[in-house]
Structures are given as C-alpha cells and as structure tokens.
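Have a look at the structure below, then the notes.
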Amino acid sequence: MSGWIVSANDLAAGTVVYCTAGGWSGDIGDAAVAADRDAAKKLLAASQPAVRDNRVVGPYLVEVELCRGGPSPLRLREQLRHRGPSVAQAKG
Amino acid sequence: MYRYDEFDARLVRERVAQFRGQVARRLSGELSEEEFKPLRLMNGVYLQLHAYMLRVAVPYGTLSSRQLRKLAHIAAVYDKNYGHFTTRQNIQFNWPQLRDIPDILGELSEVEMHAIQTSGNCIRNVTADPFAGAAADEIEDPRPICELIRQWSTFHPEFTFLPRKFKIAVTGAPHDRAAIKVHDIGLRMHRNAAGAPGFEVVVGGGQGRTPMIGKTIRRWLARDEILAYLEAIMRVYNLHGRRDNKYKARVKILVHEIGAAQFAAQVEREYENSAGQARKALPDAAEIQRIARYFAPPIGGAEADGEGAKKLRAARGTDGDFDLWCRASLAAHKIPGHAIVTVSLKPAGGIPGDATAEQMRSVAGLAERFSHGEVRVSHEQNLVLPWVRAAEVHELWRGLRDSGLAAANAGLAGDIICCPGLDYCTLATARSIPVARQLSLQLGGAKRQRDIGGLSINISGCINACGHHHVGNIGILGLEKKGREFYQITLGGSADENAAIGDIVGPGFAAEEVGDAVDLVVGTYLKIRRAGETFIDTYRRVGTQPFKEALYAA
Ligand code: SF4
C-alpha cells in the first residue's frame, strides 16, 4: 500500500524532518501518513504553519510505501534523505 | 602568499557581522526563506538533501598551513570531522547547522578566509594552475593576476547581479592544468613575437547541459591591460547575456549565438570606448609588482651540487612502493633540487576529494616541515605541496603514508574526479560517489594503473557537470530513468590545452553495469593501443567505434 508523508528541513539545523500528528520528527516512523491525494493535500496544508513559525523550510509531499516498519519512500532521493549518504563518510 | 591589507580584513569582518544579523533575523522570522535565500547564497550557504552546506573559497587554490588547520578545526567542531575539496579548488562542509555558520565564518575570517563569491550570479572565486609559481614549464606565476582579479571582482557593483554565474581560470604555463578552455573566461599566458609575456583570452567555454570549448577572442594581451579588458568582456555579457532563460544565460551561449568574431568585435569596441575610464583606475605596474612580491618563491635557489636529487634517486631505487608513488606524484619544479608533490585524495574505495580533520592537520604539519607552509588545492580534487626539497621527498612520503594519504594514483585511472551526486546534492539525478568508489577498487593497484597509463575518469551526478564528466577521457553522467539510476558514458574528453568534449558512446548503463562497461573500455584500449600511447592518444586515433563494438556487441 502506498501513501504520502510530508518532509522538510529543520530551519536552524538543516536536518531532515517529517511532519507528525503533533509536530515534526527526525524519525520517519513518526510521520503522519495520508492515504490518498486529498488527505495528502490536507497534510501539506497543515504543515504550513511550521514554515511561518520558522520551524522548517520547504515542506513537500513524499510518496511512500507502507511497510511493517513504517513508511518507506519510493524514490531513491527520498530514501537517501531518510537513510543518509549511501557511502560512509571519511573516517576520522 | 598574499596577505590581506586593512581593507580586505575590514571587508570580510563586516560581511561576517552582516550575515550574523541576517541569520538571526531568519531564525526569528523577520526574514522569510524567500528573502533569506539570496543572502545565504551570497555567503556560500546552500540547503542540500540532508543539511546545509557551506562552500568556502580557496582563492586560486592556494592555502597556508594555518588556513588548512583552521579548516580541520571547523570540520571537527562544526561538521562531521571531514571536508570535501571540489573541482573549483574550494572546500565544502556538508553538515553545518545554520545557527553555527556565522561563527564558522568568524573563525574563517581569523585566517583571511571567507565564503564570498562561492555562489550566486557573480564572478566566482578565480581558479588557477595548482602548480602555479613552481612548475618547470611555467612562464610566470599567474597568481598575482588572479589576486588582481579577485580584488577587482569582489563586490564589483556592476557585476554583482550578472545573468548567471561567471568563472575565470588562469594559467601561466603552456600545459593547461587549470582547464581554462571550459571556463567562461580562460587566460593562458604565453609570449608574443617580441618575447613579452601576456595572455591569450579565451571566452565562452563551459560544461553543464550545453558543453562548449571556449573561443579565443584575443591572441595576446599585455598583463597590465587585463582588468580593463575583462571589464569590457563583462560589460558586453552583462548587456547582452540572456536573463530571460536560465539555460541560455551563460556567456558561452551568447558567444555561440552571435559568433566569436562578433563577440570579440563588441569587446574590442567596449574596450576602446568606456573601458578607457576603467583603464585609468587600474593598478599601475608598481602595484602589480607589489602584489607579485607576495608570491615570490619561498625557497632561495637551486641546489648546486645535486645532492638532493641523488638522495631521491637512491631512495627510489631501493623502495619500490615509494618509486611507484613518485612516478605518479612528482612534477618537475622550476627550481632544480625541488619537486612539486601531489597528495592524492583518492584512496581506493574512498570518496574523491574528502579529507578528515586529522588528514588536513597532518598535511598542514607536513607542509610546514617540507613545503614552506604552503598547500594547493587542484581541480582534480587533490592537494599539492609545491615547495618540497628533493632530498626530503622520501621522508614526506612516509608522513603521508602514516596518514593514509600516499595513494600512488595521481593522474592515473584511480584519480577519479567526482561530484557529491545524489548522496548529498539536491540537484542530482543519480549517485556518483558509489560509482567512483567501485571503479577505484576494480581498477586495481598502483602497478596496474601504471600499466594503463594516464587516464582521467570524471563522474557527475547530473547534467550540471560539477564532476567535469564532459572533459574526462572517460566521462560518466548519472541520470534517472523511470525512477532508476542509469549512467551515460562519454569518451575522448580532455581538459588540457587540447580540450575536447567527450563523445557519447551509446545508450546508458544501469548502475550495476557501469563497472563492467568501464572495464570493457579500458580493456579495449589496452588491446589496441600502440607503444607509448595513452588512452586519449588511442581514442583520437581510432574514435568511438572499437569501444562501441566492445560495449554493445552482444
Ligand atoms: S553535477 Fe549535479 S549532482 Fe553533481 S554536484 Fe553538481 S549539481 Fe550536484
């Protein structure tokens, strides 16, 4: 089954965040899921106050598949945003 | 090295204070993202996939040990302990927090560094031959001219809102190590019939979605005319450059559309007329001399007895690994008894151009001991120590080896140039780092790479071509097709004085096929090359056909 979630970047830190029922979380598992396009539009509209409140930058819809572990993005770009760079950074 | 004067220092300090205020106003909501974005971009701050990214300028690729230590400190304190050296001779930090960036810029200003001109539609940070001042084949150190261009272009009121970004590269040597023909303006120093050094002016080169080799619009231009002439070029571009279409806004499109001859004529007219005013305001020869003194070689003179060279030869004779590394990493120096040393940032399986804070510190320390505290960044995403005594190369190599920095692949197939791609970049269509990583592992060790010979492999994660794939002998462009990554391969590109845009060899390859495809290309070359030929020589002799047959035979 697929659906939509809303993702953005945290304004102050820049980190990837997801819109939840009550706010924003860095954990995709907490994301509020919209089951259809109408619900997705509403979810995106509901995320706008966080832009005005200077909490996040640029929220947008991300299409996901609903697995047992939670929502999993369909597109590679979003998978990478969720998991981080695919190649470990230089060790230090 | 060039030192800031009071004016430079104040300018940078004021800019940091200004940006501190802008960030505070953004965080408090006084500025919207729409209002803030152009301001942050003017300070090198991008918002990428996972975080903000800060791009720090390394003017003409020259760094002091002190500056490199500061970069290491920033990596360790404000980032994830590493930085990424780019094809523009800059460094990028991938994980800074917006609230920390004013402090980072404050720290950078302590060592005369900043992020100005690393973004936006301005004249970007000028790039140069990483061997400048030291190369045996050089006519003159191009950096005094680069510094002049830096001073002239920084916050130039007329050129702060150009139709698009604008990149200038300068070389003082006949062998082009600065890829000047794929820049908006490339300046190549050579001598005229009377033996006086001056610049060939090349305009309208570039990569991206419409790759072009620049056209010469002036065969020879005296050094002290350079700023007035550049100003004339910028005026013609500023007036006629397409502001209506982002994809047609670079000067290369203008030069292409009206033709190089017409563009040159307009520049010459502008130069004769309005630039006369500017010419009067130019620094005189004494000022050029004053700047040039900062770039005087820090080493006294040649080693008369050749003892150092003898010592180096002896060490190479007894230590095979060291010899292999020397063959890749040493370049001829203009002062006998010295060597230019390239420090490869391309360990097998690593991320091209990445260096940890420890590695940066270690190079800074080695530069202090062996290279008069000076380091360069190359557009190949490596570091260079330009002032090393031949007698000390072996000891330097041991130090590099201890820090994991002794990959013997500079200029060879493993020296892969690669942009951050979809692992970091918000514009990317595919990943580039995993491809680079896999290729560097499969290409084999130093001996095999030595056998393959000089070969550049360049990878970009989208058509913007930050990995310079168009000018790689083997270019790899990551694209997306039906939600999957696939890679287009080009052959025959070259970034030097014989610059060429690579030819697309045929349909693209799925991610898992790219390794085999590159193997087939390299294997085909090894089969058909003639004695003494490098990959590009063979390609120029035979064209794409044998490679096509190998790749698409089945
Ligand atoms: S080439 Fe594309 S993917 Fe690579 S860094 Fe440039 S914009 Fe990003």
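Naming convention: chains lettered A, B, ... in sequence-line order (proteins, then strands); numbering from 1 in each chain. When reading the values below, keep in mind they use all heavy atoms of this one structure, side chains included, and skip hydrogens, waters and symmetry mates.
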From CA spacing to verdict: side-chain contact (heavy atoms from CB on, under 4.5 Å), Val56(B), Ile74(B): CA-CA 11 Å; Val56(B) 177; Ile74(B) 288 165; over 6 Å; no
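Only the side chain of Val57(A) comes within contact range of chain B, judged by heavy atoms closer than 4.5 Å. If you measure heavy-atom distances from Pro347(B) to chain A, you find no contacts under 4.5 Å at all. Only the side chain of Arg431(B) comes within contact range of chain A, with heavy atoms under 4.5 Å apart. Proximity to chain B is limited to the backbone of Asp10(A), based on heavy atoms less than 4.5 angstrom apart. With a 4.5 angstrom heavy-atom cutoff, Ser28(B) touches chain A only via backbone atoms. Of the two parts of Leu47(B), only the side chain, counted from C-beta on, holds a non-hydrogen atom closer than 4.5 Å to a non-hydrogen atom of chain A. Of the two parts of Arg26(B), the backbone and the side chain both hold a non-hydrogen atom closer than 4.5 Å to a non-hydrogen atom of chain A.
Each salt bridge (charged side-chain N to carboxylate O under 4.0 Å, His left out) pair with one or both residues in residues 71-81 of chain A, not counting sequence neighbours, appears once here: Arg75(A)-Glu480(B), Glu78(A)-Arg81(A). Applying the salt bridge (charged side-chain N to carboxylate O under 4.0 Å, His left out) test to pairs two or more places apart or on separate chains, none has a residue in residues 24-49 of chain A.
The backbone N or O of Leu74(A) sits nowhere less than 3.5 Å from a side-chain atom of Glu65(A) that would complete a donor-acceptor pair. Remark: the backbone N or O of Ala364(B) is paired with a side-chain donor or acceptor of Ser65(B) at under 3.5 angstrom.
Contacts with chain A were tallied for Leu27(B), Asp423(B), Val23(B), Ile101(B); Asp423(B) has the most, counting heavy-atom pairs under 4.5 Å. Between chain A and the options Asn94(B), Thr426(B), Asp100(B), the largest number of non-hydrogen pairs under 4.5 Å is found for Thr426(B). Ranked by heavy-atom pairs shorter than 4.5 Å toward chain B, the options Val16(A), Leu11(A), Thr15(A), Asn9(A) are led by Leu11(A).
Of the residues listed (Val375(B), Leu366(B), Thr342(B)), the one engaging Leu383(B) in a side chain to side chain contact (heavy atoms under 4.5 Å, CB included) is Val375(B), and it is the only one.
Taking the six-membered ring where the residue is Trp, Phe19(B) and Phe36(B) present parallel rings, their angle staying beneath 30° rather than reaching 60°.
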